[in-house]
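Have a look at the structure below before the remarks.
All residue numbers in this chain count up from 1 along the given sequence.
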Amino acid sequence: MATGLADMGHPDRRTALVTGASSGIGEASARRLAAAGHPVALAARRLGRLEELAHEINTAGGEALAVPLDLADEQSPRRCVEQAAAALGEVEVLVSVAGDVLPTKAHETSPGEFSRQLRINLAGVQDLVHAAAPHMIDRARGDIVFVTSDVVRVPRPTMSSYVASKWGLEGLARAMQLELEGSGVRASIVRPGPTLTEMGSDFPEEDLPGLMSEWTRHGLMRHGGYLQPDGVARAVEFVVGAPRGTHFTIVEVEPEAPTKDETR
């Protein structure tokens with residue numbers, strides 16, 4: 001028997017803000033949360049794609065709103081949270097997915113590029129937390145889900161700024177888990193492995209063979225399996241839907257290796 005939100009101790013309506021919602025894991029997470037009955041604020045830079053997704057969700061009977069967000073802009077996260085709250089109610093679920101990656105080694109990355117990666121993948125997320133978390137604490141209820149990466153567990157070369165920022169993001173989440181203890185607000189980590197998304201789709205084509213060669217040389221390409229975004233979104237929905245009294249601190253999601261039949 002399927003278990004509804006009300007059966008799990010949650011009210012039907014919890015406003016969710018999902019970043020990176022224009023594609024990939026963010027889009028899939030927004031779709032799942034909307035289907036589960038949550039009003040969803042869709043946040044990213046590509047407003048046109050967000051509006052298309054919001055139209056789809058609203059047409060299907062859900063409730064969604066497109067909200068512009070640029071994590072490189074220090075003022076944008078606050079405006080995003082305020083706009084979502086004004087339209088849909090105070091944000092009670094924050095799902096941080098948006099991020100960026102550069103295919104460069106540490107010594108080849110300019111200080112400006114490195115700082116921008118930290119700004120987008122770490123400092124910008126803290127800006128969102130700063131804007132949304134106090135309202136959750138006031139109501140003694142909320143979920144903050146940080147979607148990180150398995151590069152935290154097994155770093156990958158030629159993407160050092162991404163690795164550093166994701167390590168920092170998990171450090172932020174771990175510290176918050178202690179800081180929020182007893183507040184009614186849960187900070188959780190969903191750590192996906194290789195996932196088929198648009199991230200990295202803009203890498204120069206000529207750089208890809210070298211990138212794959214580096215990862216293979218270090219034993220990081222164990223098999224050819226990849227996660228679909230919805231597989232990670234299911235984990236996000238699982239974490240958010242946990243009943244009160246239950247806190248999933250970290251959920252790792254890895255792709256299943258292709259079967260022998262699939263690799264023939």
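Nearest heavy atoms, C80 versus P68: CB-O, 3.9 Å. The minimum heavy-atom distance between A54 and A64, with the atom names listed, is CA-CB, 3.9 Å. For R78 against A131, the heavy-atom pair with the smallest separation is CA-CB, 4.1 Å. The minimum heavy-atom distance linking A36 with E237 is given by the pair CB-OE2, 3.9 Å. The minimum heavy-atom distance between A21 and L53, with the atom names listed, is O-CD2, 3.4 Å.
Each of L65, V81, V95 was compared with L17 under the side chain to side chain contact (heavy atoms under 4.5 Å, CB included) criterion, and only V81 meets it. When the options R14, H135, H38 are evaluated for a side-chain hydrogen bond (donor to acceptor under 3.5 Å, both in side chains) with E92, the one that passes is R14.
Under a cut-off of 6.0 angstrom, the local environment of NE2 in H55 is sparse, with at most 12 non-hydrogen atoms contributed by other residues, nucleotides or ligands. Within 6.0 Å of CZ in R45 there are 12 or fewer heavy atoms belonging to other residues, nucleotides or ligands. Around CZ of R116, the count of heavy atoms belonging to other residues, nucleotides or ligands within 6.0 Å does not exceed 12.
Linking ILVMFWY residues whenever their side-chain heavy atoms come closer than 4.5 Å, directly or via other members, leaves F146 and V18 in distinct clusters. Residue W167 is grouped with residue V101 when hydrophobic side chains (ILVMFWY) are merged at heavy-atom distances under 4.5 angstrom, including chains of intermediate members. Taking hydrophobic clusters as Ile, Leu, Val, Met, Phe, Trp and Tyr residues chained together by side-chain heavy-atom distances below 4.5 Å, F238 shares a cluster with V145. No single ILVMFWY cluster, assembled from side-chain heavy atoms under 4.5 Å apart, contains both V93 and L180. Both V97 and L33 sit in one connected hydrophobic cluster of ILVMFWY residues. Membership requires side-chain heavy atoms under 4.5 Å apart, directly or through other members.
Using a 4.0 Å cut-off between a side-chain N of Lys or Arg and a carboxylate O of Asp or Glu, D230 and R32 qualify as a salt bridge. Between R31 and E27, at least one side-chain N (NZ, or NE/NH1/NH2) sits under 4.0 Å from a carboxylate O, which counts as a salt bridge. Checked for salt-bridge contact, R191 and D150 miss the test: no charged N lies under 4.0 Å from a carboxylate O.
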Review point. Does the side chain to side chain contact (heavy atoms under 4.5 Å, CB included) test come out yes or no for R153 and E254, once each step is laid out?
Key: CA-CA 12 Å; R153 180 170 54 80; E254 287 291 334; 3.1 Å; yes

Exercise for review: Dump the intermediate steps for side chain to side chain contact (heavy atoms under 4.5 Å, CB included) on T148 and I250, then the final yes or no.
Suggested key: CA-CA 10 Å; T148 62; I250 181 167; over 6 Å; no

Practice item. Tell me, with the steps shown, if L227 and V253 meet side chain to side chain contact (heavy atoms under 4.5 Å, CB included). Key: CA-CA 8 Å; L227 289 163; V253 190; 3.8 Å; yes

Practice item. Please step through side chain to side chain contact (heavy atoms under 4.5 Å, CB included) for the pair R141 and M136, ending with a clear verdict. Key: CA-CA 5 Å; R141 186 174 189 80; M136 297 181 188; over 6 Å; no

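Not one N or O on the side chain of R79 forms a donor-acceptor pair closer than 3.5 Å with the backbone of L69. Not a single donor-acceptor pair under 3.5 Å links the side chain of R234 to the backbone N or O of S29. Side-chain atoms of T15 never come within 3.5 Å of backbone atoms of V91 as a donor-acceptor pair (strictly under, hydrogens ignored).
Note that CG of D143 is 10.0 Å distant from CG of L94, once rounded to the nearest 0.5 Å. Atoms OG1 and CD1, on T19 and I25 in that order, are 10.5 Å from each other to the nearest 0.5 Å. Here the straight-line distance linking atom OG of S22 with atom CD of E51 works out to 12.0 Å at 0.5 Å rounding. Between the CG atom of L102 and the CG atom of N121 there is a distance of 9.0 Å, given to the nearest 0.5 Å. A distance of 10.5 Å separates CG in D138 from OG in S183, rounded to the nearest 0.5 Å. In this structure, D70 CG and Q75 CD are separated by 12.0 Å, a value rounded to the nearest 0.5 Å.
Neither side chain, Q117 nor S165, offers a donor N or O lying under 3.5 Å from an acceptor on the other. Looking at R46 and S23, their side chains do bring a donor and an acceptor atom within 3.5 Å of each other. No side-chain donor from either of T109 and S161 sits under 3.5 Å from a side-chain acceptor of the other.
With a 4.5 Å cut-off on side-chain heavy atoms, V232 and V190 count as touching. In this structure the side chain of K166 never reaches within 4.5 angstrom of the side chain of E170, judged on heavy atoms. Taking 4.5 Å as the limit, some side-chain heavy atom of E63 sits within range of a side-chain heavy atom of R13. Put simply, the side chain of V251 does not reach to within 4.5 Å of the side chain of S188, judged on heavy atoms.
The hydrophobic cluster containing F114 also includes L118, under a criterion of side-chain heavy atoms closer than 4.5 Å among ILVMFWY residues, counted directly or through chains of members.
The side-chain contact (heavy atoms from CB on, under 4.5 Å) test applied to E181 returns no partner, not counting sequence neighbours.
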Please list, one pair per line, the donor and acceptor atoms closer than 3.5 Å that link side chains of residues 171-179 to other protein atoms, with sequence neighbours excluded.
unit_1: Q177; atom_1: NE2; unit_2: A187; atom_2: O; d: 3.0
unit_1: Q177; atom_1: NE2; unit_2: T249; atom_2: O; d: 3.1

